[in-house]
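Written out below as structure tokens is the structure these notes cover.
These numbers were taken from a predicted model, which means no experiment stands behind them. Heavy atoms only: backbone and side chains are in, while hydrogens, waters and symmetry mates are out.
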Amino acid sequence: MKVIIVGGVAGGATAAARLRRLDENVQIIMIERSGFVSYANCGLPYYIGGTITDRSKLTLQTPQSFRNRFNIDARVRQEVVSIDRAAHTVTVRRLDDGTEYVEGYDKLILSPGARPVTPDLPGIDAERLFTLRTVEDTYRIAEFIERRQPRRAVVVGAGFIGLEMAENLRDRGVEVTVVQRGEHVMPVFDADMASLLHNHLRKHGVELLLKADVTGFEETSDAIFTTLADGRVLESDLVMLSIGVAPESTLAREAGLELGLRGSIKVDATMRTSDPDIYAVGDAVEITNVVTGSSALIALAGPANKQGRIAADNICGRESEFGGSQGSSVLKLFELDAASTGLTLTAARAAGIDAEAVILSPANHATYYPGAETMTLKVVFERGTGRILGGQAIGRGGVDKRIDVLAVAIRARMTAADLTELDLAYAPPYSSAKDPVNMAGFMIENILDDLVDQVTWDEALELAAEDGDAILLDTRTAGEHARGGIEGALHIPVDELREHLDELPRDKRLLVFCASGLRSYVACRILSQHGFACANVSGGYGFHSQVMRGCTVSHTCVGNCGLPV
């Protein structure tokens, strides 16, 4: 049997290695149009920033190492330009000299990846405008920085690559402006959680322009100008364009293969396309979102690796299926870690799910052990069943651990009750006896069991401002209250609440908050058992103040919180 693999990196290289491990006799040819057959594309921004200094560390395998270890014929700087499905052949072009040849196959695996989105805007071909997808892109950007020593950069787009490039350019002393079309950075986070990242970017000197549309670029001999829809013009020495990727499915489309979402390659669970002898893996394929069951595009290395393995298994007669992805991911942003998995609350509701979320601010390990840091954790759940739908976490340490636990919970279709029962490793330097994931489960259970009602800050502020039947109650300490509070809110510390019940109005709903939401929950339990109508304000005052500082453009505020808007 002869297998040709179009494209290397995560999906194609994994498929090639797995094929060889399963069948020593199969002939394997891997064709990669770049000069590098297997490389760490997730590490490319860190080479530009200087964290990774050795070029060779970016290359995981070379054509020679594939030959030596796996007896795989890996050909770089060659591109498959057409597929003849009837003849079972591909036409290959050598990029160095333009010559072409035809190669036959028994099975074909397409792993073409995705291409950076480059909109049809004036000046899009400027020499000072860069995208980052390949090792060659990385070297080109790094060489430009070394040669031109830029002082200012504009990063268009605030997804993974955009923010990683913003960080790494700042690490090299470059002034950075991030331009984001949407209302917040990182669409895999809800707006309130993304606000924490806004604060952190600004703390590190990154100028952040939200709800800003780019309309074009103009290059001169010593600068490039980025024009925004509102008329502003940003002058810089370079522009990084990172507004997303699109499936590289031209080859599949021209071969007549069935396409799916946004022109992606449609495959079944075995990674087989509409042609039984052609498989496809990686960023170019349509997959299933495991939470919603709907079609999705998730361009991440983890799913691509799994798909490459599954395609190889099925080619070799081993039954194997890809169950879909939930988009688990993590980002380093200066000192912060930001991770997510599954659905945001916004996405869950958009999918028609009756979803809610809890927000908590636990320490990453026991507070009495030195070095404890507070993280913010948001867990999305289905109201009717308590099923866990998604998680988001931001903090300094322990973030990836909690998101990984939630990722497993989502995959296993666990509920909040299951989270409370998880037996997680504990020692003071690593966690608390009740891990933040357990705590999230307890909080969701309390809501589902009607032990406490919950409102968001947006809801609380609106109700307190417009509804005479609701009033805010601050249960923080006197010292905390003195450092800042909500105008018009009553203030009674939770430890003094029972002595002051007669001072509270019984004809109003009490919207109760503390610094984090824990003490206000205790207050709500006291109040409800004494006949008061009350609700716990999700996230607490600490979270609210961070959101307000981070959402000066996108946050909807009724203007009575006393914080800068």
Side-chain angles (χ1 to χ4, degrees), residues 1-39 61-96 98-114 247-259 265-268 270-285 304-305 307-318 320:
M1 181 170 59
K2 181 179 179 180
V3 179
I4 292 180
I5 302 171
V6 181
V9 198
T14 296
R18 177 67 170 173
L19 279 168
R20 176 57 71 226
R21 289 193 297 269
L22 294 177
D23 190 337
E24 184 64 18
N25 297 313
V26 63
Q27 182 184 357
I28 306 169
I29 300 173
M30 183 162 48
I31 300 171
E32 167 61 41
R33 63 184 168 192
S34 77
F36 301 86
V37 70
S38 179
Y39 56 88
Q61 294 283 351
T62 66
Q64 190 59 49
S65 68
F66 265 113
R67 170 69 73 182
N68 293 344
R69 178 165 297 180
F70 297 110
N71 190 27
I72 291 170
D73 181 4
R75 306 172 186 177
V76 296
R77 302 271 316 147
Q78 298 189 22
E79 180 179 14
V80 174
V81 294
S82 66
I83 302 169
D84 186 332
R85 291 166 54 193
H88 274 59
T89 62
V90 296
T91 300
V92 185
R93 179 180 298 143
R94 300 180 182 92
L95 297 181
D96 290 334
T99 60
E100 296 183 354
Y101 64 93
V102 174
E103 193 81 55
Y105 67 85
D106 296 303
K107 301 291 182 181
L108 180 66
I109 300 176
L110 302 179
S111 180
E248 182 56 271
S249 57
T250 302
L251 194 62
R253 184 182 69 251
E254 292 178 348
L257 298 178
E258 185 178 354
L259 302 182
I265 305 172
K266 201 168 191 63
V267 294
D268 63 16
T270 69
M271 308 312 299
R272 186 182 283 109
T273 70
S274 54
D275 185 314
D277 291 325
I278 302 179
Y279 294 74
V281 301
D283 296 352
V285 305
N305 275 284
Q307 293 160 15
R309 180 184 177 93
I310 288 166
D313 282 353
N314 283 284
I315 287 173
C316 292
R318 298 174 61 90
S320 184

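By the 4.5 Å heavy-atom criterion applied to side chains, Tyr101 and Arg94 are counted as neighbours.
Within the structure, salt bridge (charged side-chain N to carboxylate O under 4.0 Å, His left out) pairs that include any residue of residues 7-30 comprise Arg18-Asp313 (at least two apart or interchain).
The side-chain contact (heavy atoms from CB on, under 4.5 Å) search around Ala10 returns Ala304, Asn305, not counting sequence neighbours. Every residue was checked against the side-chain hydrogen bond (donor to acceptor under 3.5 Å, both in side chains) condition with Thr273, not counting sequence neighbours, and none meets it. Looking at residues two or more places apart in sequence or on another chain, you find a side-chain hydrogen bond (donor to acceptor under 3.5 Å, both in side chains) between Glu32 and Ser34. The side-chain contact (heavy atoms from CB on, under 4.5 Å) search around Ala86 returns Asp84, not counting sequence neighbours. Residues that satisfy the side-chain hydrogen bond (donor to acceptor under 3.5 Å, both in side chains) test with Asp96, not counting sequence neighbours, are Arg77. Partners of Gln64 by side-chain contact (heavy atoms from CB on, under 4.5 Å), not counting sequence neighbours, listed by chain and number: Thr62, Arg67, Asn68. With sequence neighbours left out, Arg318 forms a salt bridge (charged side-chain N to carboxylate O under 4.0 Å, His left out) with no residue at all. A search for salt bridge (charged side-chain N to carboxylate O under 4.0 Å, His left out) contacts involving Arg69 returns nothing, not counting sequence neighbours. Contacts of Val81 classified as side-chain contact (heavy atoms from CB on, under 4.5 Å), with partners at least two apart in sequence or in another chain: Glu79, Thr91, Arg93, Glu100. Applying the side-chain hydrogen bond (donor to acceptor under 3.5 Å, both in side chains) criterion to Asp268, with sequence neighbours excluded, gives Thr270.
Remark: side-chain polar atoms of Lys2 are paired, donor with acceptor, to backbone N or O of Gly104 under 3.5 angstrom.
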> Does the side chain to side chain contact (heavy atoms under 4.5 Å, CB included) test come out yes or no for Arg85 and Leu257, once each step is laid out?
Replying inline: CA-CA 10 Å; Arg85 291 166 54 193; Leu257 298 178; 4.0 Å; yes
> How far apart are the C-alpha atoms of Leu19 and Ile109, what are their side-chain angles, what is the distance that settles it, and do they pass the side chain to side chain contact (heavy atoms under 4.5 Å, CB included) test?
Replying inline: CA-CA 11 Å; Leu19 279 168; Ile109 300 176; 4.2 Å; yes
> Please walk me through it: do Ile29 and Gln27 pass side chain to side chain contact (heavy atoms under 4.5 Å, CB included)?
Replying inline: CA-CA 7 Å; Ile29 300 173; Gln27 182 184 357; 3.9 Å; yes
>> I'd like to know whether Tyr105 forms a side chain to side chain contact (heavy atoms under 4.5 Å, CB included) with Ile83, so could you lay out the CA-CA distance, the side-chain angles of the two residues, the decisive distance to 0.1 Å, and finally the verdict.
In response: CA-CA 10 Å; Tyr105 67 85; Ile83 302 169; 3.9 Å; yes
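In terms of heavy-atom proximity, Val281 sits nearest to Ala311 at CG1-CB, 3.9 Å. Here the shortest heavy-atom pairing between Ala252 and Leu110 reads CB-CD1, 4.2 Å.
In this structure, CD1 in Ile265 is found 12.0 Å from CD in Glu258, a value given to the nearest 0.5 Å. Separation of atoms CD1 (Ile315) and NZ (Lys107) is listed at 7.0 Å; rounding is to 0.5 Å. The distance from the CG atom of Asn314 to the OG atom of Ser320 is 5.5 Å, given to the nearest 0.5 Å.
Partner of Val6 under the side chain to side chain contact (heavy atoms under 4.5 Å, CB included) criterion, chosen from Leu251, Ile278, Ile31: Leu251.
Checking Thr14 against Arg309 by side-chain atom types alone, no donor-acceptor pair falls below 3.5 Å.
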